[in-house]
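Each remark here refers to the structure printed beneath this line.
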Amino acid sequence: MSSTIAFIGLGNMGGPMAINLVKAGHTVTVFDLVPEAVKTVTDVGASSADSAVGAATGVDFVITMLPAGRHVESVYLGDSGILAAVGSDTVVIDCSTIDAATARKVGAAAKERGIGMLDAPVSGGVAGAAAGTLSFMCGGDDATFAKAKPVLEAMGKNIFHAGDNGAGQVAKICNNMLLSVLMVGTSEALRLGIDNGLDPQRLSEIMLASSGRNWTLEVYNPSPGVMETAPASKDYQPGFMVDLMLKDLGLAMETAIASSSSTPMGALARSLYASHARKGKGKLDFSSIYQYLGDE
Ligand code: NAD
């Protein structure tokens with residue numbers, strides 16, 4: 001079914017996501033602070049508005065894809081925010097990766113006005129956004145999730161309902177914290193093998209068939225030349241940038257502090273990625289932590 005949708009925040013992720021909504025036959029109105037970003041989506045048939053509220057007024061769905069929690073708060077809250085401008089028949093979906101506390105705060109403000117809201121951060125990166133194969137991790141009530149799911153399916157292939165408001169953000173940082181730990185662990189195991197005369201290709205085959213098997217060995221081997229399609233074999237061009245992994249690990253640590261959770265491996269991974277980024281490696285793929293552990 002075709003819906004009217006406002007899409008706000010048309011950067012690396014939001015631009016291709018909005019284009020997929022237009023291609024799926026929805027009527028899309030967009031807004032971004034950067035005119036060139038707006039043009040990429042109006043070029044394929046979206047219309048544009050002069051402000052976020054201008055795009056959001058009177059539509060079935062509002063979707064935002066913004067850098068951080070402060071942008072999300074400023075767009076949604078306050079007398080001139082989106083929540084003050086839309087009716088209770090509009091569903092709002094924030095796909096940005098932000099701290100769970102802000103997601104819960106904005107979700108509660110929406111609920112007070114009778115507006116259904118989901119936090120729905122994604123994984124799959126820019127390639128997944130362009131291909132329409134993102135995974136969405138949603139937080140919100142059942143009815144809002146059911147209404148939003150068909151729209152999210154135009155942009156992704158796995159749509160999960162993690163729990164109430166904020167649960168989508170928590171699911172996302174749990175996954176990325178685990179991923180960072182797996183990447184560091186895989187890198188140091190490969191380094192140890194190489195330092196002791198093993199061929200990384202052969203060692204990878206052995207660990208893939210043994211109990212060390214994990215996603216990084218399956219599709220994202222960090223040792224250059226082992227896997228032709230992996231960023232490691234393309235000078236660590238992203239992929240998923242160190243800076244973005246560092247952002248997500250920072251959110252994971254904030255959440256761990258708020259819930260008094262013990263996350264020693266995540267804390268160490270954040271520290272390693274911070275040190276790597278400080279050496280000027282922030283724009284490389286996150287598998288380049290393999291370089292950090294060696295002589296390069
Ligand atoms: P980006 O910086 O490319 O895009 C953000 C866009 O938001 C920009 O075009 C900016 O002009 C716009 N914007 C900022 N404030 C605004 C406002 N007040 N009103 C309207 N537009 C505004 O960032 P991105 O890479 O698209 O990432 C967006 C979000 O998705 C982030 O939270 C990021 O952590 C998350 N994410 C990114 C990736 C990735 O691989 N890039 C993967 C998963 C999740």
Side-chain angles (χ1 to χ4, degrees), residues 6-20 28-42 46 48-56 62-78 80-83 85 92-100 102-103 106 118-138 152 155-156 158 160 168-169 171-177 179-180 220 231 236-252 254-255 273 277 282-287:
F7 204 114
I8 293 138
L10 306 164
N12 292 321
M13 296 294 289
M17 290 165 71
I19 288 171
N20 281 331
V28 181
T29 307
V30 297
F31 175 70
D32 193 291
L33 301 173
V34 178
E36 295 76 43
V38 171
K39 189 171 180 307
T40 60
V41 193
T42 52
S48 66
D50 290 341
S51 65
V53 165
V62 176
I63 303 178
T64 47
M65 191 51 160
L66 299 165
R70 65 181 187 282
H71 306 98
V72 173
E73 276 201 54
S74 79
V75 164
Y76 280 108
L77 302 182
S80 54
I82 287 174
L83 295 182
V92 290
I93 308 169
D94 178 42
C95 296
S96 326
T97 301
I98 65 169
D99 58 293
T102 299
V106 180
L118 293 183
D119 46 292
V122 304
S123 78
V126 177
T133 56
L134 293 170
S135 289
F136 286 86
M137 291 157 253
C138 304
L152 298 179
M155 301 180 285
N158 295 308
F160 296 107
Q169 299 295 349
K172 159 114 189 176
I173 53 162
C174 287
N175 179 69
N176 280 13
M177 185 179 79
L179 173 61
S180 70
Y220 220 93
Y236 295 103
Q237 290 314 300
F240 183 50
M241 276 192 289
V242 167
D243 281 344
L244 285 173
M245 178 56 94
L246 191 53
K247 172 191 170 182
D248 291 356
L249 287 169
L251 293 174
E254 280 175 31
T255 306
Y273 275 104
K283 306 291 174 226
L284 293 183
D285 184 75
F286 82 111
S287 58

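All ligand and atom numbering here is 1-based and tracks the order in the structure.
Interatomic distance, N12 CG to L10 CG, rounded to the nearest 0.5 Å: 11.0 Å. In this structure, the separation between OG on S96 and CD1 on I8 is 10.5 Å, given to the nearest 0.5 Å. Within the model, atoms CG of L244 and CG of D285 stand 10.5 Å from one another, a figure rounded to the nearest 0.5 Å. In this structure, CG in D119 is found 7.5 Å from CD1 in I98, a value given to the nearest 0.5 Å. Interatomic distance, M177 CE to T255 OG1, rounded to the nearest 0.5 Å: 10.0 Å. In this structure, NZ on K172 lies 9.5 Å from CG on L251, to the nearest 0.5 angstrom.
Heavy atoms of L244 found under 4.0 angstrom from ligand 1 belong exclusively to the side chain.
For atom 4 (O) of ligand 1, the closest non-hydrogen atom of the protein is G11 CA, 3.2 Å. The protein atom (non-hydrogen) at minimum distance from atom 35 (C) of ligand 1 is T97 OG1, 3.6 Å. Among all protein heavy atoms, the one lying closest to atom 18 (N) of ligand 1 is V75 CG2, 3.6 Å. Ranking protein heavy atoms by distance to atom 34 (O) of ligand 1, first place goes to K247 NZ, 2.8 Å. Atom 30 (O) of ligand 1 has its closest protein heavy atom at M65 CE, 3.1 Å.
Across N20 and A129, no two heavy atoms sit closer than the pair ND2-O, 2.9 Å.
At a threshold of 4.5 Å between non-hydrogen side-chain atoms, the residues Y273 and L249 count as touching. D99 is not listed as a side-chain neighbour of Q169, based on a closest heavy-atom distance of 4.5 Å or more. I63 places a side-chain heavy atom less than 4.5 Å from the side chain of C95. Using a 4.5 Å cut-off on side-chain heavy atoms (C-beta onward), H71 and T64 make no contact.
Here is the list of ligand 1 atoms found below 4.0 Å of a heavy atom in V34: 11 (O). Less than 4.0 angstrom separates some heavy atom of F31 from each of these atoms of ligand 1: 19 (N), 20 (C). Atoms of ligand 1 lying under 4.0 Å from any heavy atom of I8, numbered from 1 in the order shown and given with element: 20 (C).
Put simply, atom 15 (N) of ligand 1 has protein non-hydrogen atoms near it, under 4.0 Å away. For atom 2 (O) of ligand 1, no protein non-hydrogen atom is found at a distance below 4.0 Å.
Polar contact with ligand 1: absent for D248 (N/O pair, distance under 3.5 Å). For ligand 1, the polar-atom distance check against D32 finds a nitrogen or oxygen pair separated by under 3.5 Å. At under 3.5 Å, a nitrogen or oxygen of M13, whether backbone or side chain, sits near a nitrogen or oxygen of ligand 1. For the pair N12 and ligand 1, the shortest N or O to N or O distance falls below 3.5 Å.
In this structure, K172 is part of the shell of residues with a heavy atom less than 4.0 angstrom from ligand 1. Residue P67 places a heavy atom less than 4.0 Å from ligand 1.
Closest heavy-atom approach to atom 29 (C) of ligand 1 within the set L66, V38, L251: this belongs to L66.
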